[in-house]
**Student:** 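The structure follows.
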Amino acid sequence: MKSLLKTLAVVAVAVPAVAFAAITGSKHDLSSTNTGVDVHSSGTNPTDQICIFCHAPHKAASQALIWNHTAGTVNGFSGGQTVAGTSLPTAVLPPSKACLNCHDGTVAIGDVNSTTTANGGAGVLTVTTVANHTLAEKLIGYALVGNGTNLDGNHPVSIPYAGAIYNAKASGVSSGNAATDYTGITNSCAGSPSGICISAAGGTLPLFAAQAGDTGGVECGSCHDVHNKLNNTYFLRVTATGSAICLACHKK
Ligand code: HEC
Ligand code: HEC
Ligand code: HEC
Ligand code: HEC
């Protein structure tokens with residue numbers, strides 16, 4: 001009986017570990033306990049919380065997404081149009097701007113409005129990184145903003161998806177026909193903030209309705225799942241192997 005109780009106790013301890021959400025232990029788990037990743041909280045003002053780097057329940061920096069991180073200085077593309085004639089936004093919408101807070105490399109990763117739920121005060125959480133890699137290099141990667149000024153050189157975001165009405169205007173895609181160049185939209189898509197998505201082998205790519213009147217557009221979160229390490233490398237919703245993620249939207 002004693003040993004049975006012991007076994008039960010072990011099981012009871014083990015279960016919550018299994019139930020952990022998929023952000024736990026990922027590169028977006030910047031808590032002090034996640035020592036397995038290069039960038040995590042440590043030093044003088046560490047936190048064992050995960051969400052606090054991005055969302056705070058109180059005293060967040062802004063209401064949208066109860067966003068807690070200090071904004072960076074990169075807002076969008078320098079202007080101009082895509083080859084199909086869609087305007088590239090000089091200010092991307094909140095879901096993509098949120099990523100740029102850290103990924104434009106202009107603000108410290110730990111620069112948040114509310115450091116903990118207990119003190120709710122403004123402050124900077126200390127994060128650390130490995131020595132052989134500068135933080136800027138790691139966050140900007142080879143894909144993102146290199147000049148600290150704009151988003152030029154990156155796949156368009158905060159743009160309409162072909163066939164969807166976005167930002168109160170129809171898609172600017174010249175074909176005007178989702179069936180020709182782009183995969184059709186799936187309606188009633190669970191887990192998509194707009195309710196619509198692109199269904200692909202191995203995953204779905206949600207479209208965002210980032211402001212009133214929007215029906216569905218492409219944001220960083222269409223291709224990446226910020227909370228989910230269980231997806232493919234780079235938090236991708238569909239694998240980049242064979243460019244599957246590109247072929248999910250583009251009929252090429
Ligand atoms: C590294 C930044 C980051 C961290 C850490 C983070 N989030 Fe988010 N979260 C975002 C962004 C960005 C969005 C906007 C939607 C998107 O782009 O997927 C979002 C959206 C959300 C949403 C609304 C949309 C949805 O997906 O349901 C909820 C709820 C949410 N986060 C909860 C959490 C919780 C709970 C935690 C901690 C366990 C957490 N987030 C940690 C960045 C983060
Ligand atoms: C979620 C759907 C989606 C995915 C996934 C996607 N694209 Fe796109 N892509 C679009 C949309 C929408 C546009 C904008 C079309 C327009 O309005 O001009 C676009 C535009 C482009 C353009 C034209 C850019 C310009 O400025 O003229 C290229 C090239 C491109 N995508 C390549 C890619 C590649 C390569 C991948 C994979 C890494 C990819 N796309 C993944 C939806 C997607
Ligand atoms: C609070 C700061 C913060 C925010 C906000 C944030 N990230 Fe990150 N992101 C990081 C850090 C730190 C890393 C890990 C860098 C490293 O270890 O090389 C990272 C890594 C990544 C990676 C690479 C993952 C890998 O496996 O190498 C991707 C992709 C990424 N983030 C996308 C996003 C997207 C998309 C958003 C918004 C939806 C976002 N991030 C928001 C801090 C942030
Ligand atoms: C159309 C799809 C798409 C969109 C939209 C998109 N990404 Fe990515 N991203 C990718 C793919 C695919 C990769 C993997 C590239 C590779 O394998 O070389 C990637 C890689 C990354 C990486 C890792 C780069 C590295 O070299 O370490 C980061 C960070 C990242 N994306 C952030 C973002 C942010 C922030 C946004 C919004 C401003 C965004 N992505 C929008 C498809 C996308």
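Indexing begins at 1, ligand by ligand and atom by atom, following the structure's order.
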**Student:** Do V238 and Y161 belong together in a cluster built from hydrophobic side chains that touch within less than 4.5 Å?
**Tutor:**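 Same hydrophobic cluster.
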**Student:** Does L93 offer a backbone N or O that forms a donor-acceptor pair with the side chain of S96 under 3.5 Å?
**Tutor:**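 Side chain of S96 to backbone of L93, a donor-acceptor pair under 3.5 Å: no, none is there.
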**Student:** Kindly indicate whether the side chain of S114, heavy atoms from C-beta on, has any atom under 4.5 Å from the side chain of H58.
**Tutor:**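 Side-chain contact under 4.5 Å: no.
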**Student:** Between T90 and S78, is any pair of side-chain heavy atoms under 4.5 Å apart?
**Tutor:**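 Contact flag for T90/S78 side chains = no.
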**Student:** Against heavy atoms of C223, which atoms of ligand 4 measure under 4.0 Å?
**Tutor:**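 Once the distances to C223 are compared, the set is 1 (C), 2 (C), 3 (C), 4 (C), 5 (C), 42 (C), 43 (C).
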**Student:** Taking heavy atoms and a distance under 4.0 Å, where does Y234 meet ligand 3: side chain, backbone, both or neither?
**Tutor:**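 Both of them.
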**Student:** Relative to atom 36 (C) of ligand 4, which among C220, C246, C249 owns the nearest non-hydrogen atom?
**Tutor:**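 Ranked by closest heavy atom to atom 36 (C) of ligand 4, first place is C220.
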**Student:** Which atoms of ligand 3 sit under 4.0 Å from any heavy atom of V39?
**Tutor:**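 Contacts of ligand 3 toward V39, numbered from 1: 12 (C), 17 (O).
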**Student:** Under a 4.5 Å cut-off applied to non-hydrogen side-chain atoms, are W67 and V112 in contact?
**Tutor:**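 Heavy-atom side-chain distance check fails, nothing below 4.5 Å.
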**Student:** Using heavy atoms and a threshold below 4.0 Å, how should the contact between V92 and ligand 4 be classified: side chain, backbone, both, or neither?
**Tutor:**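 No part of V92 comes within reach of ligand 4.
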**Student:** Of the choices R237, K97, H227, E219, which has the non-hydrogen atom that lies closest to atom 21 (C) of ligand 1?
**Tutor:**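 Selected option, by shortest heavy-atom distance: H227.
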**Student:** Which one of K27, H55, H40, H69 has a non-hydrogen atom at the shortest distance from atom 14 (C) of ligand 3?
**Tutor:**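 It is K27 that holds the nearest heavy atom.
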**Student:** Between C54 and atom 8 (Fe) of ligand 1, is there a contact where an N/O/S atom of the residue lies under 2.8 Å from the metal?
**Tutor:**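 It does not; every qualifying atom lies at 2.8 Å or beyond.
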**Student:** Quick one, C220 with C99, criterion disulfide bond (SG atoms under 2.5 Å apart). Give me CA distance, side-chain angles, the key distance, then yes/no.
**Tutor:** CA-CA 8 Å; C220 309; C99 312; 3.8 Å; no
**Student:** Check whether any side-chain heavy atom of F53 sits under 4.5 Å from a side-chain heavy atom of S41, and report yes or no.
**Tutor:**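 Yes. Closest side-chain heavy atoms under 4.5 Å.
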**Student:** Do T149 and T73 touch side chain to side chain, with heavy atoms closer than 4.5 Å?
**Tutor:**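 Not in contact.
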**Student:** Are the side chains of L207 and I185 in contact, using a 4.5 Å heavy-atom criterion?
**Tutor:**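 The answer is yes, as the side chains (C-beta and beyond) meet within the 4.5 Å cut-off.
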**Student:** Considering H250, H103, H224 one by one, which has a heavy atom nearer to atom 19 (C) of ligand 4 than any of the others?
**Tutor:**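 Among H250, H103, H224, the closest heavy atom to atom 19 (C) of ligand 4 comes from H224.
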**Student:** L30 heavy atoms, cut-off 4.0 Å: which ligand 3 atoms fall inside?
**Tutor:**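 Ligand 3 atoms under the 4.0 Å threshold to L30: 12 (C).
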**Student:** Backbone or side chain, does H28 get an N/O/S atom under 2.8 Å to atom 8 (Fe) of ligand 3?
**Tutor:**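 A backbone or side-chain N, O or S atom of H28 is under 2.8 Å from atom 8 (Fe) of ligand 3.
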**Student:** I50 heavy atoms, cut-off 4.0 Å: which ligand 1 atoms fall inside?
**Tutor:**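 Matching atoms, with element in brackets: 5 (C).
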**Student:** Going by the rule side-chain contact (heavy atoms from CB on, under 4.5 Å), which residues pair with S243 if we only count those two or more places apart in sequence or in a different chain?
**Tutor:**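 side-chain contact (heavy atoms from CB on, under 4.5 Å) check on S243 returns C246.
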**Student:** Measure the NE2-CG distance between H28 and N228 for me, rounded to the nearest 0.5 Å.
**Tutor:**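 Going from NE2 on H28 over to CG on N228, the span is 12.0 Å.
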**Student:** Within ligand 4, which atoms have a heavy atom of C99 less than 4.0 Å away?
**Tutor:**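 Taking each heavy atom of C99 in turn, ligand 4 has 35 (C) under 4.0 Å.
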**Student:** Any idea which atoms of ligand 4 are less than 4.0 Å away from a heavy-atom of H155?
**Tutor:**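 Contacts of ligand 4 toward H155, numbered from 1: 1 (C).
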**Student:** What atoms of ligand 3 come within less than 4.0 Å of a heavy atom belonging to C102?
**Tutor:**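 Reading through ligand 3 atom by atom, the close ones are 1 (C), 2 (C), 3 (C), 4 (C), 5 (C), 42 (C), 43 (C).
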**Student:** Can you tell which part of L65 has a heavy atom less than 4.0 Å from ligand 1: side chain, backbone, both or neither?
**Tutor:**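 Under 4.0 Å from ligand 1, L65 contributes side-chain atoms alone.
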**Student:** Can you sort out which atoms of ligand 3 are near V226, meaning under 4.0 Å from one of its heavy atoms?
**Tutor:**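 Heavy-atom distances to V226 below 4.0 Å select 36 (C), 38 (C), 39 (C).
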**Student:** At under 4.0 Å between heavy atoms, which part of T24 makes contact with ligand 1: side chain, backbone, both or neither?
**Tutor:**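 Answer for T24: neither.
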**Student:** Would a 4.5 Å heavy-atom cut-off, applied to side chains only, mark F77 and N150 as touching?
**Tutor:**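 F77 does not reach N150 side chain to side chain.
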**Student:** I'd like to check which ligand 3 atoms, numbered from 1 as shown, lie under 4.0 Å from a non-hydrogen atom of W67.
**Tutor:**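 That gives atoms 5 (C) of ligand 3.
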**Student:** What are the atoms of ligand 3, with element, lying closer than 4.0 Å to any heavy atom of A98?
**Tutor:**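 Near A98, the atoms of ligand 3 are 5 (C).
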